[in-house]
Amino acid sequence: MKYIDEFNDPQLARRLLDEIRATATRPWALMEVCGGQTHSIIRHGIDQLLPEQVELIHGPGCPVCVTPLEVIDKALEIAARPGVIFCSFGDMLRVPGTDRDLFRVKGEGGDVRVVYSPLDALELARRNPDREVVFFAIGFETTAPANAMAVHQARRLGLSNFSLLVSHVRVPPAVEAIMTAPECRVQGFLAAGHVCSVMGMAEYPELAERFRVPMVVTGFEPLDILEGIRRAVRQLERGEHRVENAYPRAVREEGNPAAVRMIEEVFEVTDRSWRGIGRIPASGWRLTDAFRAYDAEHRFDVSGIRTEEPAECRAGEVLQGLIKPTECAAFGTTCTPRTPLGATMVSSEGACAAYYLYRRMNALAPQAGGTAPQEVTPVA
């Protein structure tokens, strides 16, 4: 299969690993920003094949995982209201809110529907003029253009019963927040290729220069990731800190100008809270005043929500790269994909889900100072 099989070639992978081993002379810590990259790394055992000098730290790049609890609780409240059709991608349905999830709301009679595109939700609004249709618009720069297009189309079609519950976040401010944290030990980044395919690379040179870290735009197949690591390690060994594009088949310097224009027409930059991390200035988007009528938070009164995270969940530390999932005492015991405490365990891009799916035996090893986790059944 073109553009997939050729990036899984084991001989080329061994060659890249040999180059990384020959290049790395000192310990280096690299962060992969995207949860899709984390799953690829863990699934293919890339982190275990690397020389011991090179450590991969998992970043906060899972859109489901970083959606704040307050917004999820607002989604639950809106979805439970009569007359509402609440639409979401499927991986949000089992993300726990303070006391339930969207599946529970659906079981209790709420009209919660899984869609594959915000335009599907828009079509539902067109077919159901007597119902309020709300789409849960989450994600990074990758999903924002399509959600912006849905709102743009709603206004063009004169649909007044369509709105977005917006929780969009931006990668560059998150990188800045990670690098300015006192406990940060990240020395280089594998930047998410799909984000850069939309936004381009213009936002990264200033970050690379200010924090003196190499930033290598990286894809998602095994050879993509190994090439990103090879380039980052090579820069670190040379004392360099530049932005490199190791994903040229998908990323252009300027990104996708049409998609960026659509984002800028519909959204404006705002401060956003990230689940498990906290509020990061200028790290998100909200609808502009011109499109405020399509803002579900503006249309529905969902203020005054009180949230409460489970005390035993350490997903916030996982998202910041401070601990590995298996260092959380709840991992594989009280927290599994079937009984998740945090979004990182239930999301298809969550780091905890990746370790659970591909490193299940690690979870069964006795932990220092505690008891061995119980046998658990992986969810394929």
Side-chain angles (χ1 to χ4, degrees), residues 3 31-40 58-68 71 87-92 95 115-121 135-152 164-175 189-204 207 215-221 224-225 228 243 245-270 272 274-275 280 282-287 319 343-344 347-351 354:
Y3 291 144
M31 173 174 277
E32 85 274 3
V33 173
C34 174
Q37 292 173 333
T38 300
H39 270 251
S40 186
H58 314 311
C62 165
V64 172
C65 302
V66 300
T67 301
V71 176
C87 302
S88 171
F89 296 135
D91 50 2
M92 284 301 296
V95 175
V115 295
Y116 297 96
S117 161
L119 297 180
D120 293 342
F135 179 71
F136 203 173
I138 70 160
F140 290 83
E141 292 91 333
T142 49
T143 55
N147 293 337
M149 174 64 80
V151 172
H152 192 276
L164 300 182
L165 180 58
V166 178
S167 186
H168 275 303
V169 288
R170 303 170 58 235
V171 168
V175 169
F189 284 93
L190 306 182
H194 53 1
V195 169
C196 294
S197 71
V198 176
M199 302 302 293
M201 299 162 57
E203 295 178 287
Y204 294 104
L207 290 170
M215 305 187 76
V216 181
V217 179
T218 304
F220 302 87
E221 298 300 326
D224 290 323
I225 292 169
V243 178
N245 183 6
Y247 196 35
R249 69 182 186 278
V251 174
R252 294 179 297 175
E253 177 74 26
E254 69 277 17
N256 184 331
V260 173
R261 281 197 298 273
M262 179 54 66
I263 292 173
E264 292 175 345
E265 179 178 345
V266 174
F267 293 122
E268 61 186 5
V269 172
T270 186
R272 279 282 175 201
W274 296 50
R275 189 168 191 174
I280 302 176
S283 68
W285 280 304
R286 66 183 177 192
L287 290 161
L319 288 169
T344 50
S347 167
S348 61
E349 292 190 5

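When reading the values below, keep in mind they use all heavy atoms of this one structure, side chains included, and skip hydrogens, waters and symmetry mates.
- Panel note: side chain Q37, backbone G219; a donor-acceptor pair is recorded below 3.5 Å.
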(request) Please test F220 against I225 for side chain to side chain contact (heavy atoms under 4.5 Å, CB included), starting from the C-alpha separation and ending with a verdict. (result) CA-CA 6 Å; F220 302 87; I225 292 169; 5.6 Å; no
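- Put simply, CE on M215 and SG on C196 are 8.0 Å apart, with the number rounded to the nearest 0.5 Å.
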(message) Evaluate M199 against T142 for side chain to side chain contact (heavy atoms under 4.5 Å, CB included), listing each step before the verdict.
(response) CA-CA 9 Å; M199 302 302 293; T142 49; over 6 Å; no
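- The closest donor-acceptor contact from the side chain of H168 to the backbone of G284 lies at 3.5 Å or more, if one exists at all.
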(request) List the steps, then state whether side chain to side chain contact (heavy atoms under 4.5 Å, CB included) holds for L165 with F135. (result) CA-CA 6 Å; L165 180 58; F135 179 71; over 6 Å; no
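- The backbone N or O of I138 lies less than 3.5 Å from a partner atom in the side chain of T143, making a donor-acceptor pair.
- Aromatic ring pairs are classed by plane angle as parallel below 30°, tilted from 30° to 60° and perpendicular above 60°; the pair F140 and W274 is perpendicular.
- Here R261 contributes atom CZ and N256 contributes atom CG; the two are 8.5 Å apart, rounded to the nearest 0.5 Å.
- The line from CZ of R275 to OG1 of T344 is 8.5 Å long, rounded to the nearest 0.5 Å.
- Atom CE of M31 is separated from atom NE2 of H58 by 9.5 Å, given to the nearest 0.5 angstrom.
- Using a distance-only test at 3.5 Å, with no hydrogens or angles considered, no donor-acceptor pair links the side chain of S40 to the main chain of G36.
- The ring of H194 has its center no closer than 6.0 angstrom to the ring center of Y247.
- Looking only at distances, no side-chain donor or acceptor of S197 sits under 3.5 Å from a matching main-chain atom of V251.
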(request) Under the side chain to side chain contact (heavy atoms under 4.5 Å, CB included) rule, what do C65 and L319 come out as? Steps first, then yes or no, please. (result) CA-CA 8 Å; C65 302; L319 288 169; 3.8 Å; yes
(message) Applying salt bridge (charged side-chain N to carboxylate O under 4.0 Å, His left out) to E141 and R170, what does each step give before you reach the verdict?
(response) CA-CA 6 Å; E141 292 91 333; R170 303 170 58 235; 5.1 Å; no
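- Summarising the geometry of W285 relative to V169, their closest heavy-atom pair is CZ3-O, 4.4 Å, with the distance given to 0.1 Å.
- Of the possible donor and acceptor atoms, one in the side chain of D120 sits under 3.5 Å from a partner among the backbone N and O of S117.
- Crowding of M262 atom CE: a count of heavy atoms from other residues, nucleotides or ligands under 6.0 Å exceeding 12.
- In this structure, G228 and T218 approach most closely via the heavy-atom pair CA-OG1, 3.7 Å.
- For the residue pair E349/H39, the side-chain donor-acceptor check at 3.5 Å is not satisfied.
- When all heavy atoms of I280 and A174 are compared, the closest pair comes out as CD1-CA, 4.2 Å.
- The nearest pair of heavy atoms linking C34 to A192 is CB-CB, 3.7 Å.
- In this structure, CG on D91 lies 4.5 Å from OG on S348, to the nearest 0.5 angstrom.
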